[in-house]
Amino acid sequence: MKQLITDLLNQAIDSLKSSEMIPADTTVRFNVDHTKDKAHGDFASNVAMTLAKPAKSNPRAVAQMIIDHLPESTSVDKVEIAGPGFLNFFLSADSAQSIIKEVLSAGDCFGLNNDANGEKVQVEFVSANPTGPLHVGHGRGAAIGDCLCRLLKASGHEVTAEFYYNDAGQQITNLALSVQARAKGLGPEDDSWPADGYQGQYIIDVAEAYLNGEAVDAADKHVTGAKDPDNLDAIQEFAVAYLRREQDHDLKAFGVNFDNYYLESSLYETGKVEETVETLINSGYTYEDGGALWLRTTDFGDDKDRVMRKKEGGYTYFVPDVAYHLDKWQRGFKRVVNEQGADHHSTITRVRAGLQALDKGIPKGWPEYVLHQMVTVMRGGEEVKLSKRAGSYVTVSDLVEEVGRDATRYFLAARSATSQLTFDIDLAKAQSNDNPVYYIQYAHARCCAVFRKAQEQGYEWNQDAALSKLDPLTEVAENELMKRLSQYPEVVRNAAKRLEPHMIANYLRELAAEYHTYYNAHKTLVEDADVRNARLALSSAVRQVVKNGLDLLGVSAPEQM
RNA sequence: GCGCCCGUAGCUCAGCUGGAUAGAGCAGUGGCCUUCUAAGCCAUUGGUCGCAGGUUCGAAUCCUGCCGGGCGCGCCA
């Protein structure tokens, strides 16, 4: 519909150009937007204002010229000039009602588009170290990342969801040492407790499981606790498997699935790290200083050069990172989105610089990043501190257990990623009208309830028949709902384009609110069969769109509450 | 000190990348259940969009400078 109006306006402009009322070489940029106020019709455009200058006239006069040259359309009832020179388009009832047909015939596919035309995209998210349970920050990443996957699929991408496991490096050694210390009965208060050791309760759990010889299945690995507190290698293998199993379990309970797990250790095993280092050396962007090997990342906008190989000989973390991203590129992902916490912000410039230095023709802005800001958890009006090292923090599984999967996902995805998030456990837990997730789900359940009731009362309803007679839908609230429904595909498109899943949550809230208002103002199951059937069609369409939207958020759409 | 993010109602946040009188939920106040689920609805209170300049027909939105908060600034990951 928006496109139709844009087309009509372009035709009008073309004829203004050919009649030389505006210069033929004028480049015209204008918007066609949904109106906020129904007094302004259904769509509004600012063309006249942007054309006022080239036309050497005032906006309202230009607006009139455009109206005079606007082709007739059965979809548009009238066009008005308003305010400083807006053109307000009022749609005909028939074209407004046609959205219900669109929704019901497309069903679960309503709102999907093929803008990306099957383009491959990889979304990397969570990527937590296997050194402890997932905390709320990971949860936010999981909720946002998973929604991004769903949104990108909805706009025609072929999506691969990937989890990068940092199962190499210092923090893993540290994990093993911590478990070992616990296995030997030591605690943080002891002198021989490892520096920077992990202090959480879960370390004790891992140590006990190891000493008890428990068996752990994680991914493709089967590990049995060797019971020997002196065997550090065995401890490390066991601890990583144990914690990975726990993370997998938490993610599964959270409804988040990955297509691929990529192990940092594999980059060393396959020689990709070495290969990357050689390529960087050969491309001439490296130098040695103080016994270390440096990459001149300042050539690519970094504020200082970065060490690649430490004096002691090991690589810094960013080398495997570059190797990993080169591998992504070589796997054919022209588009990669990395979702991560803003505390890792500094890696962006570094990784991109490393990729540029490879001289492999990788575009400058590749990969894309979605960063989420920190999460503060509130419980009983007090902040719960998140600190893996301090050992006391709220985990994803705590939340899922306490407030439920749907509410947790909704709360973590419903806010713009760029804003810090306050997760109020008490609010998310509330099974009341305080809680927006229930509000939206309730709208869905209500639509379903109306249909259940209709059946109970013996009313027959046939979709095709109802769709051929939608003209009884003339109430203001009905028009508002139909207008809202027609916005859904655009909301999906925008959310995907901008990589902002929270737009879906906002939309659903508005749609739900309008349905609840409508439900309270107008009875659906009335005597008049034509009115009743048309209203049922509207409810069915609302139900469908709420369900489709909740699907994008990974939140369930219950038929009964 | 430098970089990134944020600052909008008492609280939590939207604001579709420059549009019309700045919105929603919660909290507050006052109403609505013999009628399809009251997990709902209606009405009402509440604003110097952090501050100051600039850009233009028009700024919460863009540019600059301050102020305040968060996160980074390792031969840690």
Side-chain angles (χ1 to χ4, degrees), chain A residues 31 33-37 39-40 44 46 49-50 52-53 58-59 82-86 88 129 131 166 168-172 174 196 264 289-294 303-304 306-318 320-321 341-349 371-374 376 378 414-422 424 427 430-439 441-443 445-446 448-454 456-457 487 490-491 494-495 498 500 502-503 505-507 509-510 512-513 515-526 532 535-536 539 560-561:
Chain A
N31 299 328
D33 296 311
H34 292 278
T35 54
K36 280 183 230 163
D37 187 340
H40 298 147
N46 62 347
M49 276 116 90
T50 62
K53 201 170 256 182
N58 71 71
F86 286 103
N88 291 338
N129 295 339
T131 54
N166 284 285
Q170 185 57 43
Q171 82 278 4
I172 296 298
N174 201 8
D196 303 321
E264 182 186 5
D289 185 45
L293 180 68
W294 295 72
D303 47 0
K304 52 183 105 161
R306 305 291 168 178
V307 170
M308 291 171 60
R309 190 171 51 224
K310 297 178 256 185
K311 204 161 44 184
E312 297 80 31
Y315 293 115
T316 57
Y317 74 93
F318 109 93
D321 244 19
D343 53 338
H344 287 76
H345 174 256
S346 56
T347 61
I348 298 178
T349 328
L371 300 179
H372 64 260
Q373 298 290 323
M374 303 293 97
T376 308
M378 301 293 284
R415 302 259 121 101
S416 150
T418 54
S419 291
Q420 282 162 238
L421 172 68
T422 304
D424 185 340
L427 175 64
Q431 303 235 341
S432 71
N433 51 358
D434 298 1
N435 195 334
V437 69
Y438 291 102
Y439 185 83
Q441 289 178 319
Y442 186 43
R446 264 191 161 165
C448 295
V450 170
F451 273 88
R452 277 195 302 272
K453 197 74 183 182
E456 270 173 45
Q457 295 184 359
Q487 291 170 7
E490 256 174 84
V491 171
N494 276 331
R498 295 166 47 157
E500 293 183 3
H502 75 279
M503 295 177 73
N506 289 336
Y507 171 84
R509 202 175 209 306
E510 284 158 3
Y515 186 72
H516 288 312
T517 297
Y518 174 59
Y519 180 93
N520 277 277
H522 304 286
K523 191 168 168 161
T524 302
L525 302 177
V526 291
R532 184 177 67 235
R535 287 182 175 174
L536 280 168
S539 275
Q560 215 165 338
M561 290 173 78

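Numbered from 1 within each chain, the chains take letters A, B, ... in sequence-line order.
- Protein atom CG of Leu371(A) is 9 Å distant from nucleotide atom C1' of C5(B), rounded to whole Å.
- The phosphate of G74(B) has OP1 or OP2 within less than 4.0 Å of a side-chain N or O from Lys304(A).
- What separates CG of Asn435(A) from P of A24(B) is a distance of 20 Å, to the nearest Å.
- One interatomic measurement links the two molecules: CG of Asn58(A) to P of C57(B), which rounds to 13 Å at whole-angstrom precision.
- By the rule that a glycosidic angle within 90° of 0 means syn, U17(B) counts as syn.
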Worksheet entry | Intermediate values then yes/no, side-chain contact (heavy atoms from CB on, under 4.5 Å), Leu525(A) and Leu536(A) | CA-CA 8 Å; Leu525(A) 302 177; Leu536(A) 280 168; 4.1 Å; yes
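- You can call Phe86(A) stacked on the base of A20(B); the centres are under 5.5 Å apart and the planes sit within 30°.
- Side-chain proximity of Thr50(A) to G19(B), G3(B), A77(B): nearest is G19(B).
- In this structure, His40(A) counts as stacked on the base of A20(B) under the 5.5 Å centre distance and 30° plane angle limits.
- Under 3.5 Å, the side chain of Asn174(A) and the base of A77(B) form no donor-acceptor pair of N or O atoms.
- With a 3.5 Å ceiling on both atom-pair distances, G74(B) lacks any Watson-Crick or G-U wobble partner.
- Nearest to the side-chain atoms of Lys523(A) among the listed nucleotides U35(B), A39(B), A77(B) stands U35(B).
- OP1 or OP2 of C41(B) has at least one side-chain nitrogen or oxygen of Tyr439(A) nearer than 4.0 Å.
- Across all strands shown, C26(B) is found opposite G10(B) as a Watson-Crick or G-U wobble partner, with both distances under 3.5 Å.
- Dashed line: the shortest gap from a side-chain N or O of His502(A) to OP1 or OP2 of G15(B) is under 4.0 Å.
- Checking C76(B), A38(B), G72(B) against every side-chain atom of Asp343(A), the shortest atom distance belongs to G72(B).
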Worksheet entry | Verdict with supporting geometry, Val307(A) and Leu293(A), side-chain contact (heavy atoms from CB on, under 4.5 Å) | CA-CA 6 Å; Val307(A) 170; Leu293(A) 180 68; over 6 Å; no
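- Gln457(A) comes within contact range of no nucleotide atom at all, as no heavy-atom separation falls under 4.0 Å.
- Pairing for U56(B) is absent, with no Watson-Crick or G-U wobble pair whose two atom distances lie under 3.5 Å.
- Following rounding to the nearest Å, Lys36(A) (NZ) and C16(B) (P) show an atom-to-atom distance of 9 Å.
- Under the 6.0 Å distance and 45° angle rule, Arg446(A) counts as a cation-pi partner of Tyr519(A).
- In the set A77(B), G15(B), G3(B), the nucleotide with an atom closest to the side chain of His344(A) is A77(B).
- Along RNA chain B, the nucleotide nearest Asp33(A) and the nucleotide nearest Leu525(A) are compared for position; the residue whose nucleotide lies closer to the 5' end is Asp33(A).
- Put simply, Lys310(A) has a side-chain N or O that comes within less than 4.0 Å of OP1 or OP2 on C76(B).
- Put simply, CD on Gln420(A) is 16 Å from C1' on C11(B), counting in whole angstrom units.
- For C41(B), the paired base is G31(B) (Watson-Crick or G-U wobble, both distances below 3.5 Å).
- With a cut-off of 3.5 Å on both pairing distances, the Watson-Crick or G-U wobble partner of C66(B) is G50(B).
- In this structure, Ala342(A) reaches the sugar-phosphate backbone alone: every heavy-atom distance under 4.0 Å involves primed, P, OP1 or OP2 atoms, never a base.
- For Thr35(A), whose side chain is taken as the heavy atoms from C-beta onward, the closest listed nucleotide among A20(B), G70(B), C13(B) is A20(B).
- Candidate nucleotides G70(B), G74(B), G15(B) were compared by shortest atom distance to the side chain of Arg306(A), and G74(B) ranks first.
- Within the 4.0 angstrom heavy-atom criterion, no nucleotide atom of any strand lies near Thr347(A).
- Figure legend: Arg306(A) and Phe318(A) shown without cation-pi pairing, the cationic atom not lying both under 6.0 angstrom from the six-membered ring centre and within 45 degrees of its axis.
- Position along RNA chain B of the nearest nucleotide to Ala513(A) versus Gln560(A) favours Gln560(A) as the more 5'-ward residue.
- To the nearest angstrom, C1' of G3(B) lies 11 Å from CD1 of Ile348(A).
- In the model, Tyr518(A) has no side-chain atom that pairs as donor or acceptor with a side-chain atom of Thr524(A) under 3.5 Å.
- Because its glycosidic torsion is more than 90° from 0, C67(B) is reported here as anti.
- One finds no side-chain N or O of Ser419(A) lying less than 4.0 angstrom from the OP1 or OP2 phosphate oxygen of G7(B).
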Worksheet item: Are Gln373(A) and Leu421(A) close enough, and set up right, to give a side-chain contact (heavy atoms from CB on, under 4.5 Å), and what steps lead you there?
Response: CA-CA 7 Å; Gln373(A) 298 290 323; Leu421(A) 172 68; over 6 Å; no
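- Nearest nucleotide to the Arg498(A) side chain, out of U12(B), A14(B), G15(B): G15(B).
- Using modelled atom types and a 3.5 Å distance limit, the side chains of Asp196(A) and Asn174(A) yield no donor-acceptor pair.
- Within the nucleic acid shown, Ala445(A) comes within 4.0 Å of at least one base atom, counting heavy atoms only.
- The CG atom of Asn46(A) sits 15 Å away from the P atom of C16(B) (whole-angstrom rounding).
- Contacts of Tyr519(A) with the nucleic acid, taken as non-hydrogen atoms under 4.0 Å apart, include base atoms.
- Gln560(A) CD to Cys448(A) SG: the interatomic distance, rounded to the nearest 0.5 Å, is 9.0 Å.
- Taking atom CZ of Arg509(A) as the reference point, atom C1' of G23(B) lies 12 Å away to the nearest angstrom.
- The base of A77(B) is paired with the side chain of Tyr317(A) by a donor and an acceptor separated by under 3.5 Å.
- Between C42(B), G19(B), A38(B), one nucleotide has an atom nearer to the side chain of Pro84(A) than all others, and that is G19(B).
- Across A38(B), A77(B), C6(B), the shortest atom-to-atom separation from the side chain of Glu264(A) is found for A77(B).
- Comparing C75(B), G19(B), A14(B) against the side chain of Met49(A) picks out G19(B) as the nearest.
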